[in-house]
There are 2 protein chains.
Amino acid sequence: MSTTPLAAPRRATITDVAREAGTGKTSISRYLNGEMSVLSPELRSRIEAAIERLNYQPNQMARGLKRGRNRLIGMLLADLTNPYSVEVLQGVEAACHALGLMPLICHAANEVEMERRYLQLLTTYRVEGVIVNALGVREETLRPVGGGGIPAVLVDRSVDGLVADMVGLDNRAAAELGTRHLLDNGFDDIWFVVQPFEQVSSRQLREAAFREVISGVGGARGHTLVLNLAEPAAVERALAELDRAIDADGGPGDAVASVTGNATSSVTVRTGGKASRIALFAANAPVALCLALHLKARYGADWQARVALLSIDDPEWAELTGITAIRQPTYEIGYRAVEFLHERIEGVQATARDCLLPGELIVRASTLR
Amino acid sequence: MSTTPLAAPRRATITDVAREAGTGKTSISRYLNGEMSVLSPELRSRIEAAIERLNYQPNQMARGLKRGRNRLIGMLLADLTNPYSVEVLQGVEAACHALGLMPLICHAANEVEMERRYLQLLTTYRVEGVIVNALGVREETLRPVGGGGIPAVLVDRSVDGLVADMVGLDNRAAAELGTRHLLDNGFDDIWFVVQPFEQVSSRQLREAAFREVISGVGGARGHTLVLNLAEPAAVERALAELDRAIDADGGPGDAVASVTGNATSSVTVRTGGKASRIALFAANAPVALCLALHLKARYGADWQARVALLSIDDPEWAELTGITAIRQPTYEIGYRAVEFLHERIEGVQATARDCLLPGELIVRASTLR
DNA sequence: CTGTTAGCGCATTCAG
DNA sequence: CTGAATGCGCTAACAG
């Protein structure tokens, strides 16, 4: 009774269990590691009982320290606010579960400094590998990772000068798919809207593919509009440019009764006349949302009659609002990333691999005229 | 030269640094812990140099094992797919950053089994505390947490039989606010739509408050519709019931040219006639989205003319679609949760506290007639 | 089959 | 001011 006051119910250790079971720590350890065949049934049940009685739970920190591996991997996300990230995460979690890994999820919230800090933290916690959906930063930040350091696989974007496996959307194909779809549906004036390229390879690839397709089609006009979502003033300016283009275009049908910009009272009658030739191609969901919000504010609830919107990423509101989208195989991206990482952790040496998964075009009313 | 082949660039340990700096481990340890005043400037710079040269990074696992605290806390989320979770997370991260804590984010993905597994995992990693946005499960699962076990604070929902701090929306007030708003705007037939109550206290509280307000107002009719989002068939049935009510209601204006249910060709002319008396009050964003998707599919793009929608939670698409919402102080909820937990970790003994934060009504076109 | 002995990397007395 | 010694909880050789 005088052993331990109820003050701090210190957690039982392997030693406690050994004593309680009247045996040595080794046997307990063996039990914990499933080496059942090496334990007499009798001892085994005594151990079981002791563990139960003491409500013992092995300390992973200590285990990790000893054996040099802790089954932890880091998952560094640039922006959880982007549905893309959450979806990828689901795949990551599933794969981790299947492979006996535990993902430490770190959210950089679009801040380079945060990214650096978390990477450092993951390193000090000796994670066995990291999956990183990097911000657009110099390879420098990722120095401790990849090549010389701990195994890493990149998601969605590659990083200049950083050799590592990478898995993501087949951006070329996706951008082509989207552009062709718009072209095929009679849109010959297409605005590709994208966040600042910075070092984000996926943005660059998407835009390049877009331009390439456009330039290969006579009579089609293509524009690239950079939308710096982090900079309200810049957004304002870019959208103004877009507005001018849309206004100049003259509108969708032959008869537009009225478009007041007041969402609650606009009355628009679409008569099925000649299609609008302008379409917006958003490079990802955040951009698409920004565009949609602006268009709705400017042209009213019926903004979709005025301009078509196609987005890479298929956020939950896409269906609701009827915009066309290219859905990324997010779950699989996450899953594959973990598989790659796992191989790497297990020592596979192959040269850096790229895994490009195809996107799926989901046609909705917005781009059908 | 024969010490370590380039094979496995083993990470430098404190011992390596000590040797490199020509001193003992203790001094390194002191340096790491910022006990600068106890080190001669000379030794100090030697240590600095050695650390730099070896690119040394202290092993947090070992530190944690030794000092008994690892600055880790668990953040268990029921469903990251719900924007609410992501927003709360932002607050959690900010607070952790400020308090020198590292959150381990665990995503139960609505699976009770996952929740149990993660809780167990967090325990074995000896996190100093956990913040849990629990699934609707029995206290049993959370046994290791709270009272006797590791400090815990609940977010959004309390758990029967589990005494712990809890922080979340003032559900009573929020539901009243929403209901009153609808009533004030002429809606006298209100459907409160909510996921199965199970053990989720917030759902119960919101619904109870709704009913209470309704029953206090003569002439107002209130219904509660349970929408089990995990069960497509059940959703189907519930929505059918709703449809009957809406159809019976007769529609919004005096003249409805045509409502075909085909989103791409519906032509509706709203003439500003008498308001529809039916309004839907969604208990949270996932429910609101489900409703909106259904209504759009059934009544066409102009579904909002037919029925009003108000939601607790203000998802990104709310503004776009113009539905009224009650925004939760998500960031603050997360922030406060960490603060509470931190106090607990530091040994504060006060009895379980409840922190109810107010929601903010954001009126949009949907509920204005 | 089972127990003893050494550390894993680090923080902490406790003597210099 | 500084360093040697001790052990956190656990696993991994080695002996019984």
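Quick note on labels: first sequence line is chain A, next is B, and so on, each numbered from 1.
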Can you tell me the distance, in whole Å, between the [atom1] atom of [X] and the [atom2] atom of [N]?
{"X": "A:Ile47", "N": "C:dT2", "atom1": "CD1", "atom2": "P", "answer": "8 Å"}
{"X": "A:Met36", "N": "C:dC1", "atom1": "CE", "atom2": "P", "answer": "14 Å"}
{"X": "B:Glu35", "N": "D:dC1", "atom1": "CD", "atom2": "P", "answer": "13 Å"}
{"X": "B:Arg69", "N": "D:dG9", "atom1": "CZ", "atom2": "C1'", "answer": "19 Å"}
{"X": "A:Tyr31", "N": "C:dC1", "atom1": "OH", "atom2": "P", "answer": "17 Å"}
{"X": "A:Arg126", "N": "C:dC8", "atom1": "CZ", "atom2": "P", "answer": "14 Å"}
{"X": "B:Leu54", "N": "C:dG9", "atom1": "CG", "atom2": "C1'", "answer": "15 Å"}
{"X": "B:Ile14", "N": "C:dG7", "atom1": "CD1", "atom2": "P", "answer": "18 Å"}

May I ask you to verify if any side-chain N or O of [X] is less than 4.0 angstrom from the OP1 or OP2 atom of [N]?
{"X": "A:Arg63", "N": "D:dC10", "result": "no"}
{"X": "B:Ser27", "N": "D:dG3", "result": "yes"}
{"X": "B:Asn33", "N": "C:dA11", "result": "yes"}
{"X": "B:Ser29", "N": "C:dT12", "result": "no"}

Nearest-nucleotide comparison on DNA chain D, the residue closer to the 5′ end among A:Thr15 and B:Gly24: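 Nearest nucleotide further toward 5': that of B:Gly24.
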Between B:Arg67 and B:Val38, which residue's closest nucleotide on DNA chain D lies nearer the 5′ terminus?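 In this pair, the answer is B:Val38.
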Donor-acceptor pair under 3.5 Å: do we get one between B:Lys66's side chain and the base of C:dG9?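 Under the 3.5 Å cut-off, the side chain and the base do not form any donor-acceptor pair.
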Quick one: the side chain of A:Thr26 and the base of D:dA12, do they pair up donor-acceptor inside 3.5 Å?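 Side chain to base: pair found, below 3.5 Å.
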Quick one: label [X] by what it contacts on the DNA or RNA (base, sugar-phosphate, nothing), any heavy atom closer than 4.0 Å.
{"X": "A:Ser37", "value": "sugar-phosphate"}
{"X": "A:Ser40", "value": "sugar-phosphate"}
{"X": "B:Tyr56", "value": "sugar-phosphate"}

Quick one: pull up OG1 in B:Thr124 and CD in A:Gln60 and give me the separation to the nearest 0.5 Å.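 Going from OG1 on B:Thr124 over to CD on A:Gln60, the span is 4.0 Å.
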Lys/Arg-Asp/Glu bridge criterion (N-O < 4.0 Å) met for [X], [Y]:
{"X": "B:Glu113", "Y": "B:Arg117", "answer": "no"}
{"X": "A:Arg157", "Y": "A:Glu198", "answer": "no"}
{"X": "A:Glu346", "Y": "A:Arg69", "answer": "yes"}

Considering non-hydrogen atoms only, spot the tightest contact between B:Ile73 and B:Cys96 and give its length.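 Heavy atoms of B:Ile73 and B:Cys96 come nearest at CD1-SG, 3.6 Å.
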Closest non-hydrogen atom pair, B:Ala337 against B:Val153: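 Heavy atoms only, the tightest pair is O-CG1, 3.5 Å.
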Nucleotide of D:dT11, C:dG9, D:dT2 approaching B:Arg30 most closely (side-chain heavy atoms):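 Among D:dT11, C:dG9, D:dT2, the one nearest the side chain of B:Arg30 is D:dT2.
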When you get a sec, tell me which of C:dG3, C:dG9, D:dC10 is the closest nucleotide to the side chain of A:Leu43?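 Nearest nucleotide to the side chain: C:dG3.
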